[in-house]
Amino acid sequence: MAGKPTRDGFGEGLLALGKTHPHVVALSGDLEDSARAIWFKTAYPDRFFSVGIAEQDLIGTAAGLALAGKIPFACSFSQFVTGKTLEQLRMAVCYQQLNVKVAGSHGGLSVGADGATAEALEELTHMRALPRMTVIVPCDALEATKATIACADYPGPVFLRLGRAPVPTITKEADPYRIGEAAVMRPGHDVAIVACGVMVAHALQAAEQLAREGIEARVINLHTIKPLDQATLLAAAKEAGAIVTAEEHTVLGGLGGAVAELLVQTHPVPMRFVGVLDRFGTSGDPAELLKVFHLMPEDLVKAAKDVLRLKQASFKVQG
Amino acid sequence: MSATDLPRLQRVAVELRQTILRMIAKAGSGHPGGSLSMVELLVGLYWHTLRHDPKRPDWPDRDLFFLSKGHGCPALYAVLAAQGYFPQEELMTLRRYPTRLQGHPERWSVPGVEIAAGSLGQGLSMANGVALADRMDGRSRRIFCLMGDGEIQEGQVWEAAMTAHHHRLDAVCAVIDANQLQQNGPVKLIQDIEPLAEKWRAFGWHAIEIDGHDIARVVQAYDEAETVQGKPQAIVARTVKGKGVSFMELNPAWHGVAPKPDELERALAELEALKR
């Protein structure tokens with residue numbers, strides 16, 4: 001499978017917006033190369049602003065640009081652009097309901113060798129908790145390009161979580177993309193795997209393996225974690241009756257939390273959360289780390305079988 | 001400003017102080033000290049310097065005033081109502097549900113409130129962002145950002161100070177209400193920030209130091225700032241927290257407490273005496 005990082009998809013989308021959207025501007029805290037905003041900077045130097053290594057000012061300046069009618073993309077490492085800036089994102093961006101787009105590259109374990117301090121594993125939880133914030137995690141570079149372009153025309157604050165490591169391209173050019181509408185990547189009625197980012201590719205591989213064993217797993221690409229596509233998730237709970245969530249992120253309050261919050265109140269079904277288990281990252285090759293942290297297709301297969309057993313047990317109890 | 005304007009504006013300042021204290025007393029909570037210290041700084045802006053039109057609060061070419069020290073918002077609300085941005089009667093709804101006059105400002109909750117504030121240290125970055133956008137768009141307007149002396153202990157202020165210098169944002173004018181006190185005591189004892197003017201100069205700004213209660217000097221500083229090219233400007237206004245009320249002046253106890261009815265009466269009477 002061809003591999004490409006979602007940050008590259010973002011960089012291409014931002015570059016395309018430069019041509020179509022004159023009000024789009026970009027800014028960074030000396031990480032525009034890493035975040036691939038440098039392609040936009042090179043093409044549109046008058047529309048790119050550096051604020052130095054100062055993330056709080058980065059977000060505040062973006063808010064000011066938005067106050068004056070621009071559509072700013074504030075780009076940095078996912079950890080720093082969400083972690084050092086929670087207060088700025090909360091008051092200056094979300095409370096003021098400004099049209100600021102925050103692009104966090106190097107999300108999850110994809111920064112690999114740099115280790116725990118740069119590995120963002122909690123930011124979906126933080127961003128999701130902010131009123132008015134939209135939270136997007138593209139599953140491949142192509143979808144990242146579409147998401148970037150879509151969010152320029154989607155009013156209000158948006159957080160885009162991007163990765164550094166190459167991921168398989170699993171969507172197609174012709175696939176429709178709408179913020180807030182999850183994509184069913186594979187049908188199935190025995191169990192549903194709800195995933196984002198690189199875990200969507202892993203979910204598809206897991207589903208193939210499960211199919212060989214006679215288990216039909218539905219795979220849902222939940223690229224928008226907020227607002228949540230309630231209809232698609234509710235249908236999955238009703239029709240499959242068992243859910244596995246999968247994210248390259250802590251299991252506390254991220255994608256799994258969002259799905260559980262919905263289903264426990266509407267249609268409770270057995271669930272398993274595949275993600276990082278309340279711990280920090282560590283140095284290593286990103287592909288290796290996905291194994292170390294149990295985020296591989298075989299981990300999803302195991303979780304699917306667990307949740308299927310729970311579902312069957314509950315059938316027996318109900319008689 | 002003509003010589004005949006000065007007594008009029010001094011009287012406006014006294015009346016604003018009376019309004020501010022009535023609002024906070026009625027609300028039963030709020031920040032009198034830091035509201036009273038910034039009155040002349042606002043009078044100079046809204047009665048002289050700012051290019052603005054209360055009847056067209058969304059006029060795209062208006063000068064902008066960003067109140068970064070959000071706890072001083074009773075003063076801003078009183079000024080905006082006096083200027084006709086919204087009805088005076090509404091001032092007495094401060095802080096009480098379901099009011100538009102939030103305890104700390106909400107952007108556009110009433111016309112004229114340009115930014116949210118209350119989490120300190122954020123206004124200057126936003127002023128810079130507007131200035132960058134305006135430069136792209138060929139729009140020339142001034143952006144004033146009022147901060148407290150305690151507030152500028154926030155690191156983001158100095159990040160923004162470097163950004164304004166680096167990008168030569170001469171449309172940005174920071175105004176420091178150096179009223180000498182913060183919540184738990186004198187700024188000098190909590191975390192000394194002096195020498196203030198030298199700090200701003202070292203960051204590449206054009207700094208002007210003034211008596212922030214001398215309206216003529218305040219207005220003169222705004223005029224001087226506007227002539228500066230290629231550099232952002234910082235006006236360090238030396239003020240007195242609780243200005244105008246003897247028992248509030250430079251008393252840290254009046255940072256965030258509302259006057260009781262008898263205290264309000266005494267304060268209003270003291271201010272009334274200043275009008276004669």
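We name chains A, B, ... by the order of the sequence lines, and we start the count at 1 in each one.
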A.B. asks: Taking atom types as modelled, is there a side-chain donor on Asn128(B) or Thr61(A) under 3.5 Å from an acceptor on the other?
C.D. replies: no
A.B. asks: Quick check: closest heavy atoms across Tyr95(A) and Pro105(B), and the distance to 0.1 Å?
C.D. replies: CE2-O, 4.1 Å
A.B. asks: On a heavy-atom basis, which atom in Ala63(A) and which in Met126(B) lie closest, and how many Å separate them?
C.D. replies: CB-CG, 4.0 Å
A.B. asks: Is it the backbone or the side chain of Ile115(B) that comes under 4.5 Å from a heavy atom of chain A, or both, or neither?
C.D. replies: both
A.B. asks: Check this for me: Lys84(A), atom NZ, are more than 12 non-hydrogen atoms of other residues, nucleotides or ligands nearer than 6.0 Å?
C.D. replies: no
A.B. asks: With a 4.5 Å limit on heavy-atom distance, are the side chains of Leu132(B) and Leu65(A) in contact?
C.D. replies: yes
A.B. asks: Are His166(B) and Phe49(A) close enough that some pair of their side-chain heavy atoms sits under 4.5 Å apart?
C.D. replies: no
A.B. asks: Ignoring hydrogens, what is the shortest heavy-atom contact between Arg141(B) and Ala68(A)? Give both atom names and the distance.
C.D. replies: NH2-CB, 4.3 Å
A.B. asks: Which pair of heavy atoms, one from Ser50(A) and one from His167(B), lies closest together, and at what distance?
C.D. replies: O-NE2, 2.8 Å
A.B. asks: Work out which heavy atom in Glu114(B) is nearest to a heavy atom in Leu67(A); give both atom names and the distance.
C.D. replies: O-CD2, 4.2 Å
A.B. asks: Using non-hydrogen atoms only, which part of Ala160(B) is less than 4.5 Å away from chain A: side chain, backbone, both, or neither?
C.D. replies: both
A.B. asks: Do Asp137(B) and Lys70(A) touch side chain to side chain, with heavy atoms closer than 4.5 Å?
C.D. replies: yes
A.B. asks: Crowded around Arg178(A) CZ? As in, over 12 foreign heavy atoms under 6.0 Å?
C.D. replies: no
A.B. asks: Please determine, among Arg47(A), Gln56(A), Arg90(A), His23(A), the option with the most heavy-atom pairs under 4.5 Å with chain B.
C.D. replies: Gln56(A)
A.B. asks: With heavy-atom distances below 4.5 Å as the criterion, would you say the side chains of Glu159(B) and Glu55(A) are in contact?
C.D. replies: no
A.B. asks: Taking the side chain as everything from C-beta on, heavy atoms only, tell me whether Met162(B) gets closer than 4.5 Å to Val51(A).
C.D. replies: no
A.B. asks: Are the side chains of Gln122(B) and Ile59(A) in touch, meaning some heavy atoms are under 4.5 Å apart?
C.D. replies: no
A.B. asks: Below 4.5 Å from any heavy atom of chain A, which atoms of Glu106(B) appear? Answer side chain, backbone, both or neither.
C.D. replies: both
A.B. asks: Can you find a side-chain donor-acceptor pair between Gln156(B) and Gln88(A) that sits under 3.5 Å?
C.D. replies: yes
A.B. asks: Looking at chain A, which one of Gly121(B), Pro60(B), Ala117(B) has the largest number of heavy-atom pairs inside 4.5 Å, strictly under?
C.D. replies: Ala117(B)
A.B. asks: Of all the heavy-atom pairs spanning Ser119(B) and Glu87(A), show the shortest one and how long it is.
C.D. replies: OG-OE2, 2.6 Å
